[in-house]
Amino acid sequence: MLGISSSRVASLSLSSVSKACRLLPPSFQKVSLISSAFSSLASKCNTRMEVSRAGNFTTRASAEPLKNADELIDSVETFIFDCDGVIWKGDSLIDGVPETLDMLRAKGKRLVFVTNNSTKSRKQYGKKFETLGLEVSEEEIFASSFAAAAYLKSINFPKDKKVYVIGEDGILKELELAGFQYLGGPEDGGKKIELKPGFFMEHDENVGAVVVGFDRYFNYYKIQYGTLCIRENPGCLFIATNRDAVTHLTDAQEWAGGGSMVGSLCGSTQREPLVVGKPSTFMMDYLANKFGISKSQICMVGDRLDTDILFGQNGGCKTLLVLSGVTTLSMLQSPNNTIQPDFYTSKISDFLSLRAATVG
């Protein structure tokens, strides 16, 4: 406050203590030993304070623009790609994607496609890839709808319990394939609550989990039903496929994402969900175990900082941000942004042009 550093204040205080000790009678001069010990300890503390203070200002290095594509490609075995904003936008394929994927496969790279969009099952996503002219097997696709079912299997969720779904067909299909009983989903989209005096809403007390994903048929009935299950059924799980703020339903603009549905249930239950999609490490751990991949040999490629890039960083992978989706260069370089990928580039087809430029 007076322009005196904390270390200076400490040394002044210690000096005063030492002088005071020397003025004491001999019988009290043992205090000087305490003073000496205190001085040594304070000195060490000051050193630690400086180290800590310096550590507080340490930030992750700013992302570098991708310049040598071959170097990154050769450094990993597997590429995990987000879909919306990286492979496609809405129903439109992003330029250069087929050629880029073909090149990576030709170099022997394993390709995996991970999406937080839970509206489709893996089989349904396989059909979307096919429609867009991309050859991708079902085994290479991991949607958050699948992650929800896989998580329930991983914890041995009782088969005699039910799952209430706030979401679309993708979640229902994956739960069915995993052998779980479910209710809700799109068919509850048309249900309404007639709020008359004394009205009491019933709910199934055998529901042991509520799974919430993106839902274009979201309504008050679903909010109340899910809320009752979570709050009143003992041990009922609250699972979110993702908490994405926005999504790309069309290539014309951004639309409210699954996080808006999840947020409603957070507000009504005063509970936080277990998130199985990105940036949770559940899918990363699942993929690493399934394919026997070392996480340091994976590069996560995505268009979102708070899901894709954080997903890769949480999993200990290399990360590449593409600016073809949600994140812009100004958002990446904003002083308010604390998530920095290893590299960034405009779109994944830059792998081709940057390789050509390096070779040339």
Point to revise | Beyond-backbone contact of V136 with E130, side-chain heavy atoms, under 4.5 angstrom | key: no
Q: Check the hydrophobic clustering (I, L, V, M, F, W, Y; side-chain heavy atoms under 4.5 Å; chains of links allowed) and say if M283 and L175 are grouped together.
A: yes
Residues joined to V326 in its hydrophobic cluster, side chain to side chain under 4.5 Å directly or through other members, sorted by chain and number, are V246
Residues passing the salt bridge (Lys or Arg N to Asp or Glu O under 4.0 Å) test with R271, sequence neighbours excluded, are none
- request: Give the C-alpha distance, both sets of side-chain angles, the deciding distance and a yes or no for side-chain hydrogen bond (donor to acceptor under 3.5 Å, both in side chains) between D169 and Q124.
  value: CA-CA 10 Å; D169 196 45; Q124 289 171 314; 3.2 Å; yes
Practice item. Answer with yes or no whether the hydrophobic clustering places L152 together with L172; edges join I, L, V, M, F, W, Y residues whose side-chain heavy atoms lie under 4.5 Å apart. Key: yes
Sorted by chain and number, sequence neighbours left out, ring pair (Phe, Tyr, Trp, His ring centres under 6.0 Å) with Y151 holds for F282
Value for CG (L332) from OG1 (T327), rounded to nearest 0.5 Å, stands at 7.5 Å
Is there a continuous path of hydrophobic side-chain contacts, each under 4.5 Å between heavy atoms, that joins I80 to I348? no
So the side-chain hydrogen bond (donor to acceptor under 3.5 Å, both in side chains) pairs with at least one residue in residues 179-189 (sequence neighbours excluded) are Y164-D188, D188-K191
Exercise for the section: Give a yes or no on this: more than 12 heavy atoms of other residues, nucleotides or ligands lie within 6.0 Å of atom CZ of R105. Expected result: yes
As a quick check of understanding, evaluate side-chain contact (heavy atoms from CB on, under 4.5 Å) for F343 and K67, giving each step before the final call. CA-CA 9 Å; F343 303 100; K67 294 177 181 177; over 6 Å; no
Practice task
Look at atom CD of E254 and say whether more than 12 heavy atoms of other residues, nucleotides or ligands are closer to it than 6.0 Å.
Solution key: yes
Taken to the nearest 0.5 Å, the spacing of L134 CG from E140 CD works out to 11.0 Å
- [ ] Determine whether V114 and L287 make a side-chain contact, defined as any pair of heavy atoms from C-beta on separated by less than 4.5 Å.
- [x] yes
Distance col, row T115:OG1 vs N242:CG, nearest 0.5 angstrom, shows 8.0 Å
- Query: Is the backbone N or O of C236 less than 3.5 Å from a side-chain atom of N233, with the two atoms forming a donor-acceptor pair by type?
  - Reply: no
(Q) Under the criterion side-chain contact (heavy atoms from CB on, under 4.5 Å), I'd like the reasoning laid out for L320 against M300: C-alpha separation, chi angles, the key distance, then a yes or no. (A) CA-CA 6 Å; L320 172 66; M300 176 66 210; over 6 Å; no
ask   = Are I166 and V276 in one and the same hydrophobic cluster, where Ile, Leu, Val, Met, Phe, Trp and Tyr link if side-chain heavy atoms are under 4.5 Å apart?
value = no
So the side-chain hydrogen bond (donor to acceptor under 3.5 Å, both in side chains) pairs with at least one residue in residues 276-291 (sequence neighbours excluded) are D82-K278, E139-K290, K278-D308, D285-K295
- Task: Report yes or no: do S268 and T227 form a side-chain donor-acceptor pair below 3.5 Å?
- Result: yes
(message) For the residue pair T119 / N117, report whether a side-chain donor-acceptor contact shorter than 3.5 Å exists.
(response) yes
Does a sphere of radius 6.0 Å around CD in E138 hold more than 12 heavy atoms from other residues, nucleotides or ligands, not counting ones at 6.0 Å or beyond? yes
Cation-aromatic face contact R110/F79, 6.0 Å, 45 degrees = no
Checking T241, T307, D244 against N116 for side-chain hydrogen bond (donor to acceptor under 3.5 Å, both in side chains), the one that qualifies is D244
Salt bridge (Lys or Arg N to Asp or Glu O under 4.0 Å) filter on D74, not counting sequence neighbours, yields K107
Sorted by chain and number, sequence neighbours left out, ring pair (Phe, Tyr, Trp, His ring centres under 6.0 Å) with F157 holds for F180
Q) With side chains defined as the heavy atoms from C-beta onward, is the minimum distance between I94 and V86 less than 4.5 Å? A) no
Distance col, row I171:CD1 vs S118:OG, nearest 0.5 angstrom, shows 4.0 Å
d(I155 CD1, L237 CG) to nearest 0.5 Å is 5.0 Å
Flag yes if more than 12 heavy atoms outside N206 fall under 6.0 Å of its CG atom; otherwise flag no. yes
The single option from K173, R216, K120 that satisfies salt bridge (charged side-chain N to carboxylate O under 4.0 Å, His left out) with E168 is R216
Side-chain donor or acceptor of S334 paired with backbone N/O of S330 under 3.5 Å: no
If we ignore hydrogens and angles and just use 3.5 Å, is the side chain of K222 paired with the main-chain N or O of M261 as donor and acceptor? no
For residues 288-308, the ring pair (Phe, Tyr, Trp, His ring centres under 6.0 Å) pairs (sequence neighbours left out) are none
- Check whether any side-chain heavy atom of V322 lies under 4.5 Å from a side-chain heavy atom of V301, and answer yes or no. yes
| Close side-chain approach of W88 to C83, heavy-atom, < 4.5 Å | yes
query: With distance as the sole test, does T269 use its side chain to make a donor-acceptor pair with the main-chain N or O of L265 at under 3.5 Å?
result: yes
Less than 4.5 Å apart, any side-chain heavy atom of K192 and any of Y221?
no
Taking the side chain from Q340 and the backbone from A63, do they hold a donor-acceptor pair closer than 3.5 Å?
yes
Tracing side-chain contacts under 4.5 Å among Ile, Leu, Val, Met, Phe, Trp and Tyr outward from M331 reaches none
Across all chains, not counting sequence neighbours, the ring pair (Phe, Tyr, Trp, His ring centres under 6.0 Å) partners of F218 are none
Discussion item. Between the side chains of E205 and K161, is the shortest nitrogen-to-carboxylate-oxygen separation below 4.0 Å, so that they form an ion pair?
Written reply: no
Discussion item. Could you check whether D204 pairs with K162 (Lys NZ or Arg NE/NH1/NH2 to Asp/Glu carboxylate O, under 4.0 Å)?
Written reply: yes
request  = Could you tell me whether the side chain of K109 and the main chain of I73 form a donor-acceptor pair under 3.5 Å?
outcome  = yes
In short, salt bridge (charged side-chain N to carboxylate O under 4.0 Å, His left out) pairs touching residues 83-94 with sequence neighbours left out are D91-K128
Report task. May I ask whether L101 and F351 are part of the same hydrophobic cluster, defined by side-chain heavy atoms of I, L, V, M, F, W, Y residues being less than 4.5 angstrom apart, directly or through others? Result -> yes
task: Go through L323 and L321 one step at a time and tell me if the side-chain contact (heavy atoms from CB on, under 4.5 Å) criterion holds.
output: CA-CA 7 Å; L323 304 176; L321 176 76; 3.8 Å; yes
For residues 93-124, the ring pair (Phe, Tyr, Trp, His ring centres under 6.0 Å) pairs (sequence neighbours left out) are F81-F113, F113-F129
- Yes or no on side-chain contact (heavy atoms from CB on, under 4.5 Å) for F238 and L274, after CA distance, side-chain angles and deciding distance? CA-CA 6 Å; F238 177 15; L274 185 146; over 6 Å; no
CG of L310 to CD1 of I339, rounded to nearest 0.5 Å, is 4.5 Å
State, yes or no, whether a side-chain contact exists between S296 and V76 at a heavy-atom distance under 4.5 Å.
no
Look only at the side chain of S324 and the backbone of G85, and say whether a donor-acceptor pair between them is shorter than 3.5 Å.
yes
V163 vs V207 side-chain heavy atoms within contact, under 4.5 Å
no
